[in-house]
A.B. asks: 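Let me begin by handing over the structure; questions about it come next.
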2 protein chains.
Amino acid sequence: MAQMLTQTFNTRAIKTQINGSKIAPVHPVSDQFGEIAGYVGLIATEFSYRKDEEIYGEDEPAEYVYQVVSGAVRSYKLLSDGRRQIGSFHLPGDVFGLESGPAHRLAAEAIIDTTVRLVKRSSLEKAAGTDVLVARKLWTMTAGELRHAEDHMLLLGRKTAMERVATFLLEMDRRLAVASMMALPMCRRDIGDYLGLTLETVSRALSQLHAQGILGFSGARQIVLRNRQRLHNLDA
Amino acid sequence: MAQMLTQTFNTRAIKTQINGSKIAPVHPVSDQFGEIAGYVGLIATEFSYRKDEEIYGEDEPAEYVYQVVSGAVRSYKLLSDGRRQIGSFHLPGDVFGLESGPAHRLAAEAIIDTTVRLVKRSSLEKAAGTDVLVARKLWTMTAGELRHAEDHMLLLGRKTAMERVATFLLEMDRRLAVASMMALPMCRRDIGDYLGLTLETVSRALSQLHAQGILGFSGARQIVLRNRQRLHNLDA
DNA sequence: CGCGGGTTTGAGGCGAGTCAATGAGAGTGG
DNA sequence: CCACTCTCATTGACTCGCCTCAAACCCGCG
């Protein structure tokens, strides 16, 4: 299996080894991996990426499907002049990189040091070809991404800067708050590129919310929401 | 079947009958309907909507899946104060209203008088439960919508007004041009709400493209692209 | 023909972007 | 343990692209 990895991962495996990431031993799919597919016969492998390391590029063949174990990932598209739109952030437990077609439509990078679990796309395809429950699960996961994208189109097309930031805070609060505190893994530029704003506009909105007592800081990326209701009111 | 329709369509069927739409006789799925599912046993019905008539509302139970036969449909979300984001336009041949979950996440309205073919969602679910090819087709269709949404997020978050209009024109040219002429079914406000712009900004961009000789008008909604290459250059 | 909705065009305002400087931590090495 | 550095974040001043408001125009349709 270690041999299979070096074959199939080629450049990425080499790069990751240079970066000092470990390759976890092969093991059967555990319950925790049920999000991708809780079925015997699927091989899950762990893999690690360093901060800002590319996991896959836009239009690259979609060979694997990933689940974040720890860390955080951004999926994005670029325009030719470098303008970037982040489509989604992937946090621990999230599955990403799932494609129905042959290629990844967004690139993916580790926001911070990140460990993922992955399975070969062909394994999933094969399982889906014989098991309608697997097929249904794949559809449902893609539909979940579509739901998020539809909500995000409304944000990008029609919300004001303050509404976008309020939406973002409530989303992150829901997805990664522990004990009412959230530790954002991403920088202001990432947030801006997710919300269709500049990093300065994001910073100004956060400062304004801080001044109004709606949130508290413990360092720029440790945020406590002090009044979710008022935040909801700011979110259209 | 007519009885089934009045039962299952309730208010919509009544409204449509008042509007004078016809209810087509039940018939087996034809080859043309293969986009939804070319399988024996699925019942397709035709239904018509008048200009601006609602086909289904946001968060309404997703009982049917639709395919445009003729006309055009807009799918959109609204903010509480009326701001609208159109997620996509559905043109003849397009399938819309397909959901993995229980409810429609966007509302749908006929842009002009429109005829659709529809099948019960439960029929598709049932077919997908026994036939992995049907299941695969449903997944692929949802993945296609996701691809469009991802491209559109990039447009809404990062493109300029002129780039958005150029992208729109190329999309419509690809999807509905006949003999290099496209007859837009939607008004400037719809285009603006699709592109995250105001109708005035859309109009100004089109006027500018006209002045540059990149497109020609035969009435405000009949457009000929005279230089696709320059339009591509304007689209980031 | 003559409405009337839809479109175009103009003038001015404003929200977010740009450019620039300062500030605050986190990590590093002496 | 502190000084240094470097990245990231904040804040300010100014600009600008798109929005708003308003008026004129143009067809398409009855």
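Reckoned from all heavy atoms, side chains included, excluding hydrogens, waters and symmetry mates. Labels below follow one simple rule: chain letters A, B, ... track the order of the sequence lines, proteins then strands, and each chain is numbered from 1.
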A.B. asks: With under 30° as parallel and over 60° as perpendicular, where do the rings of His152(B) and His148(B) fit, or are they tilted in between?
C.D. replies: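 Parallel: the ring planes of His152(B) and His148(B) meet at under 30°.
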
A.B. asks: Going by atom type alone, with no hydrogens or angles, which donor-acceptor pairs under 3.5 Å involve a side-chain atom of residues 204-211 of chain B and a protein atom two or more places apart or on another chain?
C.D. replies:
from	atom 1	to	atom 2	distance (Å)
Ser207(B)	OG	Ser203(B)	O	3.0

A.B. asks: Going through the distances and angles, do Phe47(A) and Tyr66(A) end up as a ring pair (Phe, Tyr, Trp, His ring centres under 6.0 Å)?
C.D. replies: CA-CA 10 Å; Phe47(A) 214 84; Tyr66(A) 305 78; 8.7 Å; no

A.B. asks: Measure CZ/Arg221(B) against P/dC26(D) and give the value in whole Å, please.
C.D. replies: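 To the nearest whole Å, that distance equals 18 Å.
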
A.B. asks: Go nucleotide by nucleotide along DNA chain C from the 5' end; which of Ser207(B) and Lys51(B) gets its closest nucleotide reached first?
C.D. replies: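 Going by which nucleotide is closer to the 5' end, it is Lys51(B).
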
A.B. asks: Below 3.5 Å, can you tabulate the donor-acceptor pairs from side chains in residues 85-95 of chain A to any protein atom, sequence neighbours excluded?
C.D. replies:
from	atom 1	to	atom 2	distance (Å)
Gln85(A)	NE2	Asp193(A)	O	3.1
Gln85(A)	NE2	Tyr194(A)	O	3.1
His90(A)	NE2	Ser75(A)	OG	2.6
Asp94(A)	OD2	Leu91(A)	N	2.7
Asp94(A)	OD2	Arg175(A)	NH2	2.6

A.B. asks: Students should find this one: the first and last nucleotides of DNA chain C, 5' to 3', lying under 4.0 Å from a heavy atom of chain B. What are they?
C.D. replies: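 Taking any atom under 4.0 Å from a heavy atom of chain B, the span is dG6(C) to dA11(C).
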
A.B. asks: Within the structure shown, what part of the strands sits under 4.0 Å from Ser203(B) by heavy-atom distance: base, sugar-phosphate, or nothing?
C.D. replies: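 Here Ser203(B) touches the bases of the nucleic acid.
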
A.B. asks: Is it true that Arg105(B) and Asp59(B) have a side-chain N and a carboxylate O under 4.0 angstrom from each other?
C.D. replies: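 Asp59(B) and Arg105(B): not salt-bridged.
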
A.B. asks: Is the shortest side-chain N to carboxylate O distance from Glu163(A) to Arg83(B) below 4.0 Å?
C.D. replies: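 Judged by the 4.0 Å cut-off on N to carboxylate O distance, Glu163(A) and Arg83(B) do form a salt bridge.
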
A.B. asks: Any protein N or O atoms within reach of nucleotides 16-19 of chain D? Criterion: under 3.5 Å, listing atom names and distances.
C.D. replies:
from	atom 1	to	atom 2	distance (Å)
dC18(D)	OP1	Ala161(B)	N	2.9
dC19(D)	OP1	Thr198(B)	N	3.4
dC19(D)	OP2	Thr198(B)	N	3.3
dC19(D)	OP2	Thr198(B)	OG1	3.1
dC19(D)	OP2	Thr201(B)	OG1	2.4

A.B. asks: Which of residues 178-195 of chain B have a heavy atom under 4.0 Å from DNA chain D?
C.D. replies: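 Contacting residues: none.
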
A.B. asks: Report the distance from atom CD of Gln222(A) to atom P of dC8(D), rounded to the nearest whole Å.
C.D. replies: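 It works out to 17 Å between those atoms.
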
A.B. asks: Looking at Arg121(A) and Glu63(A), does any basic side-chain N land under 4.0 Å from a carboxylate oxygen?
C.D. replies: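 Salt bridge flag = no for Glu63(A) with Arg121(A).
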
A.B. asks: So, using salt bridge (charged side-chain N to carboxylate O under 4.0 Å, His left out) as the criterion, who are the partners of Lys159(B) when residues are at least two apart?
C.D. replies: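 With neighbours one apart ignored, the set is Asp235(B).
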
A.B. asks: If you measure from the Lys or Arg side-chain nitrogens to the Asp or Glu carboxylate oxygens, is any gap between Asp190(B) and Arg74(B) under 4.0 Å?
C.D. replies: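 Salt bridge flag = yes for Arg74(B) with Asp190(B).
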
A.B. asks: Compare all side-chain heavy atoms of Val224(A) with those of Leu215(A) and state whether any distance is below 4.5 angstrom.
C.D. replies: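 No, side chains not in contact.
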
